[in-house]
Participant: 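Dropping a structure here in structure tokens format, bear with me for questions.
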Amino acid sequence: MLEHLYIKNFTIIDELDIPFFSGFSVITGETGAGKSIILGAIGLLLGQRADTKLIRTGEKKCTIEAHFHIVENEMKSFFEENDIDYDETCILRRELTDNGKSRAFINDTPVSLTLIKSLGEHLIDIHSQHQNLLLQKDDFQMEVVDIVAKNKSLRDEYLTVYLRYKEAVRHLAEIKEDIAQNKRDEDFLRFQYQELYDARLVEGMQDELERERDMLTHAEDIRGALTQIAQILDGEERDILSGLRTASNLAENIQDVYPTIAPIAERMESARIELLDIAEEVTHNADNIDIDPSRLDVINSQLDTIYHLLQKHHVSTVDELIELRDDLTMRIDSIDNSDQQLTEQTKLVETLRTTCLGCAIRISNTRKEAAKTIEKDLQQRLVPLGIPNVKFQVRITTADKGDKQAIEPTPTGIDTIEFLFSANKNVPLQPIAQVASGGEIARVMLAIKSMVGGIVKLPTIIFDEVDTGTSGKIAQQMAYIMKEMGAQERQVITITHLPQIAALGSHHYRVYKEDDSDSTTSRMQLLTDEQRVMEIAQMLSGNNITEAAINNAKELLQI
């Protein structure tokens, strides 16, 4: 329930700080006084798009804040899921600055507009004249039927299966397209695969072949260099090892008389042994150099194949060719197994379709039962609202269950719903959008809101001039309905120009303008009993308030 509203620097409102109460409250004021501005502020608070033009002229920032009393067992989970501190008094705040920045808060926690809008939908419903147009839309009519049917859990179950079904249908279409495309490309795919398979590609193959090719290409140079190195180290003529051997012997001969040479002699001997080992290894490598032109031809042929494949497939490494080969393997396997894959997916689609239709039929049955309740309830509510000969029918057209293959489930099931209406005895039932006048649609919408209000636990409903096109006893009856709605643990606030409705409010607010030399300001006040008499008298007789108007106002107020 809305407990308090604070508005600062919003259009022509400088500052508004006003309480609200449970039950039925009314807001009155001359046309253009600012009633719609207050609704606009609440709409902005509930997530509507912001515009810097909404900031009062000359100001840098506007703020709108509302305090709501909420019921713990219905709303606490929302706060827990979104990591927001919970309190029975919920504070929603929206701030807009002249640089275009907009911020939203729930209990002083910054939140997105999407989140504040989501919460707002559980706190307040603003019914404007524009919303009457919803009555002409199929989805709204279905929503009304589903509310009365109380089938939300069944619809949630259906939607889960429906989404799985649609995903399975989408995947089946992809499989069919892939199969068709692969069939068209099958010969080419198999040729590409065979070409890559015949190349016998392995990881690191290109580098290894290129190294072997380079060695074979320069085999004679390599062997000649190795042979020369071996001759230098340990050749038949004077070589390094024989010279080092002589030096080592000379050092050993004098180490008894010259001990200092001993470590040097050891180092020379170690060097000689190391060089001897190197000479043997070089000789061994030289002997193993294979000058094999036929092997070189094989390697060059393999590399030519690799280079050709790299260029053909526009890749730069053998690893990428291997990946491509593996992908082709999967595609060819898919072609080979396509019939089985298609059969399995088709079976899944049919299974989900059957489950979907079964759930949709159960939903349809709940709607048909609800339709009877709606027809009876609305006819009873509309007769006192000045439509004594009303006929109302909820026409539900369900897809032919006898031919399930021809039924295509939709997100809402297998039903189409249409409200049929007639206000006169000699006029047959027709779609309400085609035959109902603006005033009749307004009354039907009020009757619907009253009916579903007892089902949907929405704490606050604001009616914006729902009485348009009515007067006298009909307007008074509309007021009785709204007052009754406000008595059902609910807060109902209506903006009205009719004294018959204003008089039935438990609390009465007046919106008016004040002018000074520089600006115009919109204000709102909670009226006392005496002020209510004068306000309603003015609504009855205009600015020239007569004694008869005052007495009439008192009579309406039952004072």
Participant: Can you spot which of L357, I363, T397 makes a side-chain contact (heavy atoms from CB on, under 4.5 Å) with I414?
Facilitator: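 The side-chain contact (heavy atoms from CB on, under 4.5 Å) with I414 is passed solely by L357 among L357, I363, T397.
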
Participant: Quick check: do E210 and I299 have side-chain heavy atoms less than 4.5 Å from each other?
Facilitator: no

Participant: Applying side chain to side chain contact (heavy atoms under 4.5 Å, CB included), name anything that partners N99, two or more places apart in sequence or on another chain.
Facilitator: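 Expected list: T97, K101.
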
Participant: Kindly say whether K53 contributes a backbone atom to a donor-acceptor pair with the side chain of D51 at under 3.5 angstrom?
Facilitator: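 The answer is yes, because a donor-acceptor pair under 3.5 Å joins these two groups.
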
Participant: Can you see which heavy atom on C62 is nearest to which on N9, and at what distance?
Facilitator: CB-O, 2.9 Å

Participant: Could you walk me through whether V145 and Q141 pass side chain to side chain contact (heavy atoms under 4.5 Å, CB included), step by step?
Facilitator: CA-CA 6 Å; V145 174; Q141 295 176 13; 5.8 Å; no

Participant: Heavy atoms only: give me the nearest T412-M142 pair and the separation to one decimal.
Facilitator: CB-SD, 3.3 Å

Participant: Can you confirm whether D277 is buried at CG, in the sense that more than 12 heavy atoms of other residues, nucleotides or ligands lie under 6.0 Å from that atom?
Facilitator: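 Result for CG/D277: enclosed.
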
Participant: Parallel under 30°, tilted from 30 to 60°, perpendicular over 60°: which one fits the rings of Y162 and Y158?
Facilitator: parallel

Participant: Heavy-atom count around D304 CG within 6.0 Å, excluding the residue itself: above 12?
Facilitator: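 For D304, atom CG is crowded (more than 12 foreign heavy atoms under 6.0 Å).
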
Participant: Go through the steps for I42 and L44 under the test side chain to side chain contact (heavy atoms under 4.5 Å, CB included), then give the verdict.
Facilitator: CA-CA 5 Å; I42 295 174; L44 187 69; over 6 Å; no

Participant: Minimum heavy-atom separation for A41 to I64, with atom names?
Facilitator: O-CD1, 3.5 Å

Participant: For V148 and V452, work out which heavy atoms get closest and say how close.
Facilitator: CG2-CG1, 4.4 Å

Participant: Evaluate salt bridge (Lys or Arg N to Asp or Glu O under 4.0 Å) for E177 paired with R184, printing each intermediate quantity in order.
Facilitator: CA-CA 11 Å; E177 176 59 29; R184 290 192 293 270; 3.7 Å; yes

Participant: If you measure from the Lys or Arg side-chain nitrogens to the Asp or Glu carboxylate oxygens, is any gap between E167 and R164 under 4.0 Å?
Facilitator: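 Looking at R164 together with E167, the answer is no, because their closest N to O distance does not fall below 4.0 Å.
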
Participant: Rounded at 0.5 Å granularity, tell me how far SG in C356 sits from CD in E408.
Facilitator: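 With rounding to 0.5 Å, SG (C356) is 8.5 Å from CD (E408).
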
Participant: Within the 3.5 Å criterion, strictly below it, is a donor on Q341 or Q345 matched to an acceptor on the partner's side chain?
Facilitator: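 Not at all, the side chains of Q341 and Q345 share no donor-acceptor pair under 3.5 Å.
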
Participant: Return yes if some donor-acceptor pair links the side-chain N/O of T283 with the main-chain N/O of A279 below 3.5 Å, else return no.
Facilitator: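 Present.
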
Participant: Tell me, do K449 and D125 make a side-chain contact under 4.5 Å, heavy atoms counted?
Facilitator: yes

Participant: Do F105 and I91 have side chains that get closer than 4.5 Å, going by heavy atoms?
Facilitator: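 No - every pair of side-chain heavy atoms lies 4.5 Å or more apart.
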
Participant: Restricting to non-hydrogen atoms, name the atom on T52 and the atom on D98 that form the minimum distance, rounded to 0.1 Å.
Facilitator: CG2-O, 3.9 Å

Participant: Is the shortest heavy-atom distance from the side chain of R200 to the side chain of Q302 under 4.5 Å?
Facilitator: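 In short, these two side chains do not touch, never coming nearer than 4.5 Å.
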
Participant: Counting neighbours of CD on E59 that are heavy atoms of other residues, nucleotides or ligands and sit closer than 6.0 Å, is the number greater than 12?
Facilitator: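 Yes, because the 6.0 Å sphere around CD of E59 holds more than 12 heavy atoms from other groups.
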
Participant: State the CD1-CD1 distance between I441 and I448, to the nearest 0.5 angstrom.
Facilitator: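 Output value for this atom pair is 10.0 Å.
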
Participant: Could you tell me if S248 and E269 have a donor-acceptor pair between their side chains, going purely by distance under 3.5 Å?
Facilitator: yes

Participant: Is it the case that the side chains of T63 and R93 hold a donor-acceptor pair, with the cut-off being a distance below 3.5 Å and no angle test?
Facilitator: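 Distance-only check fails for R93 and T63.
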
Participant: Listing request: all salt bridge (charged side-chain N to carboxylate O under 4.0 Å, His left out) pairs with a residue in residues 356-367, at least two apart in sequence or in separate chains.
Facilitator: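 Passing the test, one end in residues 356-367: D146-R367, E157-R362, R367-D415.
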
Participant: Can you pull the salt bridge (charged side-chain N to carboxylate O under 4.0 Å, His left out) pairs that have at least one residue in residues 313-325, sequence neighbours excluded?
Facilitator: none

Participant: Once rounded to the nearest 0.5 Å, what's the spacing between atom OG1 of T366 and atom NZ of K150?
Facilitator: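 The NZ atom of K150 is 12.0 Å from OG1 of T366, to the nearest 0.5 Å.
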
Participant: Answer whether the closest heavy-atom distance between the side chains of F10 and I37 falls below 4.5 Å.
Facilitator: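 Sidechains of I37 and F10: in contact.
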
Participant: Once ring pair (Phe, Tyr, Trp, His ring centres under 6.0 Å) is applied, what residue pairs with a partner in residues 177-196 remain, sequence neighbours excluded?
Facilitator: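 Sorted pair list: Y193-Y197.
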
Participant: Got a salt bridge between D207 and R211, using NZ or NE/NH1/NH2 to carboxylate O under 4.0 Å?
Facilitator: no

Participant: Are there more than 12 heavy atoms of other residues, nucleotides or ligands under 6.0 Å from atom CD of Q181?
Facilitator: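 Atom CD in Q181 is packed in, count exceeds 12.
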
Participant: I'd like to check V394 versus F419 (side-chain heavy atoms, cut-off strictly below 4.5 Å). Are they in contact?
Facilitator: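 Yes - at least one pair of side-chain heavy atoms lies under 4.5 Å apart.
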
Participant: Is there side-chain contact between I70 and Y86, with at least one heavy-atom pair below 4.5 Å?
Facilitator: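 A side-chain contact under 4.5 Å exists here.
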
Participant: Is there side-chain contact between L201 and I306, with heavy atoms separated by less than 4.5 Å?
Facilitator: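 Of all side-chain heavy-atom pairs linking I306 with L201, at least one is under 4.5 Å.
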
Participant: Please assess I124 against I461 for the test side chain to side chain contact (heavy atoms under 4.5 Å, CB included), listing each intermediate value before the final yes or no.
Facilitator: CA-CA 6 Å; I124 191 167; I461 300 177; over 6 Å; no

Participant: Excluding sequence neighbours, so at least two apart, what forms side-chain hydrogen bond (donor to acceptor under 3.5 Å, both in side chains) with E195?
Facilitator: K312

Participant: Under the side chain to side chain contact (heavy atoms under 4.5 Å, CB included) rule, what do C359 and V161 come out as? Steps first, then yes or no, please.
Facilitator: CA-CA 9 Å; C359 192; V161 178; 5.8 Å; no

Participant: Rounded to the nearest 0.5 Å, how far apart are CG of L2 and OG1 of T460?
Facilitator: 6.0 Å

Participant: Within the supplied structure, the quantity of interest is the number of heavy atoms (other residues, nucleotides, ligands) at a distance under 6.0 Å from R170 CZ; does it exceed 12?
Facilitator: yes

Participant: Rounded to the nearest 0.5 Å, what separation is found between the CD1 atom of I38 and the CD1 atom of I7?
Facilitator: 6.0 Å

Participant: If you count heavy atoms of other groups shown closer than 6.0 angstrom to CG of D83, is the number above 12?
Facilitator: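 For D83, atom CG is not crowded (no more than 12 foreign heavy atoms under 6.0 Å).
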
Participant: Hey, could you give me each pair passing salt bridge (charged side-chain N to carboxylate O under 4.0 Å, His left out) that has a residue in residues 339-349? Not counting sequence neighbours.
Facilitator: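 Residue pairs with at least one partner in residues 339-349: there are none.
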
Participant: Do any N or O atoms from the side chain of T355 and from the backbone of T351 form a donor-acceptor pair under 3.5 angstrom?
Facilitator: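 Yes: the side chain of T355 pairs with the backbone of T351.
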
Participant: State whether a side-chain donor-acceptor pair under 3.5 Å links N365 with E369.
Facilitator: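 Side-chain D/A pair, N365 to E369: absent.
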
Participant: With rounding to the nearest 0.5 angstrom, report the CG to CE distance, L275 to M268.
Facilitator: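 It comes to 13.0 Å.
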
Participant: Please answer whether the main-chain N or O of T89 pairs with a side-chain N or O of D87 as donor and acceptor at a distance below 3.5 Å.
Facilitator: yes

Participant: Check this for me: does any side-chain nitrogen of one of R331 and D178 sit under 4.0 Å from a carboxylate oxygen of the other?
Facilitator: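 Looking at D178 together with R331, the answer is no, because their closest N to O distance does not fall below 4.0 Å.
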
Participant: Say whether, by atom type as modelled, one donor and one acceptor occur between the side chain of R395 and the main chain of P431 under 3.5 angstrom.
Facilitator: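 Side chain of R395 to backbone of P431: no pair is present.
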
Participant: Determine the minimum heavy-atom distance between L45 and I116, stating which atoms define it.
Facilitator: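 Closest approach of L45 to I116, heavy atoms only: O-CD1, 3.5 Å.
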
